[in-house]
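Both counts, for ligands and for their atoms, begin at 1 and track the order of listing.
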Amino acid sequence: MLLPNIKHPNQLKKLSVDELEDLAVQIRQFLIEKLSVTGGHLAPNLGVVELTLALHYCFDSPRDKMIFDVGHQAYVHKILTGRMDKFDTLRKYKGLCGFVKRAESEHDVWEAGHSSTSLSAAMGMAMARDLKGDNNRVIALIGDGALTGGMAFEALNHIGHERKKLMVILNDNEMSIAPNVGAMHNYLSKIRSDRYYLRAKDEVEMLLKKIPAIGGKLAKTAEKMKDSLKYMMVPGVLFEELGFTYLGPVDGHDLSKLIDTLQQADNVDGPVLIHAVTTKGKGYRPAESDSHKWHGITPYKIESGQVLKAVGNPMYTEVFGQTLVELGEQDERIVAVTPAMPGGSGLIPFGKKFPDRMIDVGIAEQHAATLCAALAMEGLKPVFAVYSTFMQRAYDQIVHDICRHNANVMFAIDRAGFVGADGETHQGVYDVAFMRHIPNIVIMMPKDENELRHMMKTALDYNDGPIAYRYPRNNVRGVPLDPELKPIPIGTWETVRRGEGYAILAAGPMVQLAEEAADLLKREGISVEVVNARFLKPLDGDMLKKLAASGTSMIVLEEVSQAGSLGSSVLEYFAEQGIHDAVVSLMGIEDRFIEHGSIQEQREEVGLTLEAVCNEIRSLKTARTATLGKRSFTS
Ligand SMILES: Cc1ncc(C[n+]2csc(CCOP(=O)(O)OP(=O)(O)O)c2C)c(N)n1
């Protein structure tokens, strides 16, 4: 066995191609076994085994900078750079990160989680190298899915213009998470399949050179003809025109061809793009035959490929997806827009039922947002189904195109709150802060799945501008579903538990936690009111005023970054109203990034637990007693 002895990538350089091929088999075996227990991004990593081996064989990490787009396909890189023994802890609390992580290794030079950043990063590193007078290589590995992201196009444009020496390896497996979409995807497919395109580039150029040079008047026409011939016959001419040397398409599982191509690329003085064709899930039949499902997978049985799912209630995502179908049947103006996440966002049933009203734009959150604004302005009812974390990409479009136009866009913000194993790049904890200050928007969060359904109806019936409902990456509570969906009056909160003296204003799944805390504290003789603060914007001013007037001490409890949160807006509200004696305590997420682990572990890390909530109420009680005691003493 070669694999257990690999501690540093420079050991690969001594191996023959046959040995590298053996190593590829062992790496696949290792990944299939380890991930069957931990889960993780299996199919993307099985697809890049040879590519990663060839990179480390040909180049010298960490001196040469290897940048992995998204970073979900860097497991093989982690194995080859001394982290093999940590795979039992993959994506677990304090364990190996599922993405590239600089703190883990000097070989991890660029962190990601969100897609399409690698080319900009590579360009930055290449420019820094040249300014510093260094001569290291810079290599970006980007998938055909990630190439659909606007940032990637922006970077291609810049790189092709500056012509810095750097290498882009395009890992083309025809898949994003779902099958890839878009004109670039069609172009790549054409290169892969057209027999003319498959002709080696050298061969074509030789052929063109054989056309005799013609002098005089005819020369220009002949040159033009040569150019057109080149267009017809040279693969990747689009990239060539953008200033790259295009090499490929090359079989991304053929180690000797890959090594040759990388060495050839290394001799190019300027940007070079290697088009590697790979199979996502390569070497494990279930993953090869359904790489969509196996993109990110929970634990499974190796022999059968049966996925071991925890039994439990459905996810919020599923309730959203089913309800959208119901609403879609009633209102044909509804159009669903997804930036490359039809499965993750629960839109497959909607897409099956209404294929014409389902739009997958690729990894293009900015475009999706502006597109939604325009659809709305033409009288349709677009639902922008997006994960909280990826919506970050579309901030300007939300301000400039959706909210400023006051367009009737419905936001279905999934994965709001902690997300667990994907960790800090994916936490859905910033959207409240970056949305609630934008004029015109309404933001809701349901306490359970039944309320989510009513919120979806609320959003549909609302015609006064953008409206969002955000829901967590959790299983639903399992409450009964009302057969009839009714809109909720905008800006109204709901008292779910009566109490006196103390109140917890909670959002989303924190309502349940607040109820549990109220139950527990009741036994200690502390009476706590629980308010479902289901509108994060606008606030329920009447309720806030009443609570303040009755001298109720309040906690605002929420699973979002505290800076800019609902809690902040409650404080702002009291300040605006001139209410200066309200006692408000904030429980949200402190000002730092929270790493991977389970959602429960992440909550524990920031003190969003039953114990912490009870302690906060107890300390409010101590402070209150002390203040009251002092008052009665001085009066
Ligand atoms: C901005 C952003 N939007 C969406 C995602 C979710 N996502 C993660 S990987 C992926 C597909 C990437 O496809 P590709 O680059 O071809 O890599 P592959 O997994 O196919 O190797 C998507 C959509 C993301 N990481 N970042």
Requested in this report: Kindly determine whether Arg473 and Asp414 satisfy salt bridge (charged side-chain N to carboxylate O under 4.0 Å, His left out), including the steps that lead there.
Outcome: CA-CA 7 Å; Arg473 187 190 206 281; Asp414 199 343; over 6 Å; no
I'd like the atom pairs linking ligand 1 to the protein - N or O on both sides, separation under 3.5 Å - with distances to 0.1 Å.
residue	atom	partner	partner atom	Å
ligand 1	3 (N)	Glu365	OE2	2.7
ligand 1	15 (O)	Ala146	N	2.8
ligand 1	16 (O)	Asp144	N	3.4
ligand 1	16 (O)	Asp144	OD1	3.2
ligand 1	16 (O)	Gly145	N	2.7
ligand 1	16 (O)	Met175	O	2.9
ligand 1	19 (O)	His72	NE2	2.7
ligand 1	19 (O)	Lys280	NZ	2.9
ligand 1	20 (O)	Asn173	OD1	3.3
ligand 1	20 (O)	Asn173	ND2	3.0
ligand 1	20 (O)	Met175	O	3.0
ligand 1	20 (O)	Lys280	NZ	2.9
ligand 1	21 (O)	Asn173	ND2	3.2
ligand 1	25 (N)	Gly113	O	2.9
ligand 1	26 (N)	Ser115	N	2.9

Report summary line: Sorted by chain and residue number, the side chain to side chain contact (heavy atoms under 4.5 Å, CB included) partners of Ala459 (sequence neighbours excluded) come out as Met410, Met444, Ile467, Tyr469
Query raised in the report: Which residue pairs satisfy the side-chain hydrogen bond (donor to acceptor under 3.5 Å, both in side chains) criterion with at least one member in residues 350-359, sequence neighbours excluded?
Result: Glu329-Lys353
Report task. Using the salt bridge (Lys or Arg N to Asp or Glu O under 4.0 Å) rule, pick out the option among Glu33, Glu288, Glu50 that qualifies with Arg28. Result -> Glu50
Query raised in the report: Taking only residues two or more places apart in sequence or in another chain, which ones pass side-chain hydrogen bond (donor to acceptor under 3.5 Å, both in side chains) with Asn180?
Result: Asp144
Report task. Salt-bridge test for Arg592 and Glu605: reply yes if a basic N is under 4.0 Å from a carboxylate O, no otherwise. Result -> yes
